[in-house]
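Reading through the structure tokens given below for one structure.
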Amino acid sequence: MPEGHSIHRLARQLGDLFTGQRLSVSSPQGRFSAGAQLLDGRVLTRARAHGKHLYLDFAAPQDPQDVLVMRSHLGIYGAWSFVGDETSAAASSIGAPRRVGERESGSSQAPAVAHDDAGRVVPEAPVGAVRARLAGEHGWADLRGPALCAVETPEEARAAEAKLGPDPLDPDADPAPFLAKAGRSRRAIGVLLMEQDVVSGIGNIFRAESLFRRGVNPMTPGTSLTPEDLRGLWDENVALMDVGVRVGRIITTDPEDRPGIPESEAWPEHANYVYHRHGQDCLRCGATVLKKDLNGRGLYWCPVCQA
DNA sequence: TAAAAATGAGGAA
DNA sequence: TCCTCCTTTTTAG
């Protein structure tokens with residue numbers, strides 16, 4: 001899936017494009033028709049992310065206290081795509097990549113978009129299975145393939161959020177619950193980092209890469225790690241996910257480990273240390289990177305650097 | 001055409 | 001430990 005950094009970028013982009021506007025909300029595919037009807041014509045007042053969950057607050061135009069929350073989760077396939085006119089961001093897409101190392105798609109050039117007499121863009125016919133479409137003054141956004149897309153009361157949304165562990169991308173996050181939960185669990189740290197009620201927003205790549213960078217074997221039980229080890233893993237994820245938010249892509253290697261390759265170039269084979277690099281030489285020590293299945297997901301690690 | 005793969009997660013067994 | 005759901009793109013036959 002798009003890991004937490006993608007969802008935070010989505011929150012920012014949706015907020016930039018739509019905040020303060022009355023939106024047309026629809027479900028061209030039909031599977032979100034009831035929810036879309038509840039939101040149609042409301043005003044987007046806030047867009048934010050916690051872990052991999054996206055929260056969009058919609059207020060009634062006449063009553064700011066009357067708020068409904070659209071909560072969505074992309075799962076492993078979901079993605080949002082955007083089309084906007086010249087006053088907004090150009091066309092782009094954020095969500096599930098279809099190839100390893102694929103970056104967010106996006107053109108710097110604004111596409112030709114039609115406007116109505118009032119100056120609002122006229123959305124084009126939806127392509128494929130569009131679960132939800134949000135249309136505003138300067139563009140529209142299509143959501144495809146989410147694992148979850150629901151309309152909730154603010155209380156319901158808060159209850160769902162309360163189940164999530166701290167998010168490394170939240171500047172105000174308190175890592176204490178993560179340190180406590182992980183530190184008293186005998187389960188492997190490689191499993192714990194993916195548990196969203198332990199820590200939220202980390203997916204398969206950040207798990208593999210943060211463990212590599214800290215030299216921690218993924219199968220180490222949480223109880224065998226010191227508080228300093230766990231704090232180090234938290235800090236590592238804060239740093240890596242922050243880069244992900246800024247760049248729009250998961251880049252976890254240090255410059256000295258990708259010699260001769262400028263930042264601006266595509267270098268999927270050197271963007272990560274171990275993720276999807278099984279069978280290849282470790283960028284640091286030359287040992288063969290390993291892969292095994294752990295709870296149905298690929299786990300990648302260097303047996304020497306992470307002994 | 002069909003199948004496989006992809007940065008999840010919830011629930012049954 | 002399975003099984004299932006969600007969608008698009010790429011690869012295989």
Side-chain angles (χ1 to χ4, degrees), chain A residues 1-10 27-33 35 49-54 71-81 91-105 126-133 141-150 159-161 163-165 167-169 187-188 190-213 218 236-237 240-245 247-253 268-269 271-278 291-301:
Chain A
M1 134 182 199
E3 304 193 22
H5 70 297
S6 297
I7 316 306
H8 283 261
R9 285 175 62 85
L10 280 166
S27 177
Q29 174 206 48
R31 295 185 52 176
F32 183 59
S33 296
H50 185 142
K52 301 171 187 174
H53 294 249
L54 177 70
R71 182 165 66 96
S72 62
H73 189 299
L74 293 178
I76 205 167
Y77 313 117
W80 284 87
S81 61
S92 66
S93 171
I94 303 178
R98 310 302 173 184
R99 301 186 306 274
V100 170
E102 187 179 64
R103 50 178 70 213
E104 279 176 25
S105 79
V127 175
V130 177
R131 182 79 59 88
R133 165 171 283 187
D142 286 341
L143 171 62
R144 292 182 179 80
L148 170 75
C149 176
E161 185 172 9
K163 296 175 185 166
L164 298 174
D167 182 347
L169 284 174
R187 307 174 68 200
V191 171
L192 291 167
L193 287 179
M194 298 269 284
E195 295 286 323
Q196 301 300 301
D197 59 338
V198 174
V199 55
S200 64
I202 297 175
N204 208 8
I205 305 181
F206 287 127
R207 151 175 89 172
E209 298 295 308
S210 62
L211 287 167
F212 174 87
R213 291 179 58 96
E236 195 66 52
N237 278 287
L240 294 179
M241 295 172 81
D242 197 58
V243 170
V245 170
V247 178
R249 192 165 166 223
I250 301 179
I251 293 168
T252 54
T253 46
E269 70 277 18
N272 307 125
Y273 286 107
V274 292
Y275 177 73
H276 261 284
R277 292 198 69 250
H278 53 297
K291 172 189 181 180
K292 76 166 181 173
D293 190 276
L294 181 62
N295 293 350
R297 307 298 300 281
L299 175 68
Y300 307 83
W301 80 104

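Here is the naming used below: chain letters follow the sequence lines, and residue numbers restart at 1 for every chain.
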Checklist entry - Does a side-chain N or O from A:H276 land closer than 4.0 Å to OP1 or OP2 of B:dA6, or not? => result yes
Checklist entry - Any side-chain heavy atom of A:M241 sitting closer than 4.5 Å to one from A:I202? => result yes
Item to check | Worked check of side-chain hydrogen bond (donor to acceptor under 3.5 Å, both in side chains) between A:S200 and A:D167 | outcome: CA-CA 5 Å; A:S200 64; A:D167 182 347; 4.6 Å; no
Checklist entry - For the pair made of CG in A:L74 and P in B:dA9, what is the distance, rounded to whole Å? => result 11 Å
Next on the checklist: Using the P atom as the point on both nucleotides, what is the distance between B:dA5 and C:dG13, in whole Å?
Outcome noted: 12 Å
Item to check | Pairwise C1' distance for B:dG10 and C:dT8, with rounding to whole Å | outcome: 23 Å
Checklist entry - Does A:R31 have a side-chain nitrogen or oxygen under 4.0 Å from the phosphate oxygens OP1 or OP2 of C:dC6? => result yes
Next on the checklist: What is the distance, to the nearest angstrom, from the CD1 atom on A:I76 to the P atom on B:dG8?
Outcome noted: 6 Å
Checklist entry - Nearest-Å distance, CD (A:Q29) to P (C:dT8)? => result 8 Å
Checklist entry - Given pairs defined as Watson-Crick or G-U wobble with both distances under 3.5 Å, what dot-bracket annotation applies to DNA chain C, with ( ) intrastrand, [ ] crossing, | other strand and . unpaired? => result |||||.||||||.
Checklist entry - P atom, C:dC5 versus B:dA13: distance in rounded Å? => result 14 Å
Checklist entry - By side-chain hydrogen bond (donor to acceptor under 3.5 Å, both in side chains), which residues pair with A:D242, not counting sequence neighbours? => result A:R246
Checklist entry - Would one find a side-chain N or O of A:R144 under 4.0 angstrom from OP1 or OP2 of C:dT8? => result yes
Checklist entry - Say you pick atom P in C:dC3 and the same atom in B:dA4; how far apart are they, in whole Å? => result 15 Å
Next on the checklist: Tell me the interatomic distance from A:L193, atom CG, to B:dA9, atom C1', rounded to whole angstroms.
Outcome noted: 16 Å
Next on the checklist: Can you confirm whether A:L299 sits close enough to A:H278 that some side-chain heavy atom of one is under 4.5 Å from a side-chain heavy atom of the other?
Outcome noted: no
Checklist entry - Salt bridge check: are A:E161 and A:R71 linked by an N-O gap of less than 4.0 Å? => result no
Checklist entry - Within less than 4.0 Å of OP1 or OP2 of B:dA9, is there a side-chain N or O belonging to A:Q196? => result yes
Checklist entry - Under 4.0 Å between a Lys/Arg side-chain N and an Asp/Glu carboxylate O for A:D197 and A:K163? => result no
Item to check | Nearest-angstrom distance from the residue atom CZ of A:R131 to C1' of C:dT7 | outcome: 9 Å
Next on the checklist: Using whole Å, what does the distance between atom P of nucleotide B:dG10 and atom CE of A:M194 come to?
Outcome noted: 12 Å
Checklist entry - Of all residues at least two apart in sequence or in a different chain, which pass the salt bridge (charged side-chain N to carboxylate O under 4.0 Å, His left out) check with A:E236? => result A:R213, A:R214
Checklist entry - In whole angstrom, what separates A:E195's CD from B:dG10's C1'? => result 11 Å
Checklist entry - Could you state the CG-C1' distance from A:N295 to C:dC3, rounded to the nearest angstrom? => result 14 Å
Checklist outcome for this item: Out of C:dC6, C:dT8, B:dA9, minimum distance to the side chain of A:H73 belongs to B:dA9
Checklist entry - What's the verdict on side-chain contact (heavy atoms from CB on, under 4.5 Å) for A:L294 and A:R207, showing C-alpha distance, side-chain angles and the deciding distance? => result CA-CA 12 Å; A:L294 181 62; A:R207 151 175 89 172; 3.9 Å; yes
Next on the checklist: Counting the atoms with a prime plus P, OP1 and OP2 as sugar-phosphate, which does A:L148 contact under 4.0 Å by heavy atoms, base, sugar-phosphate, or nothing?
Outcome noted: nothing
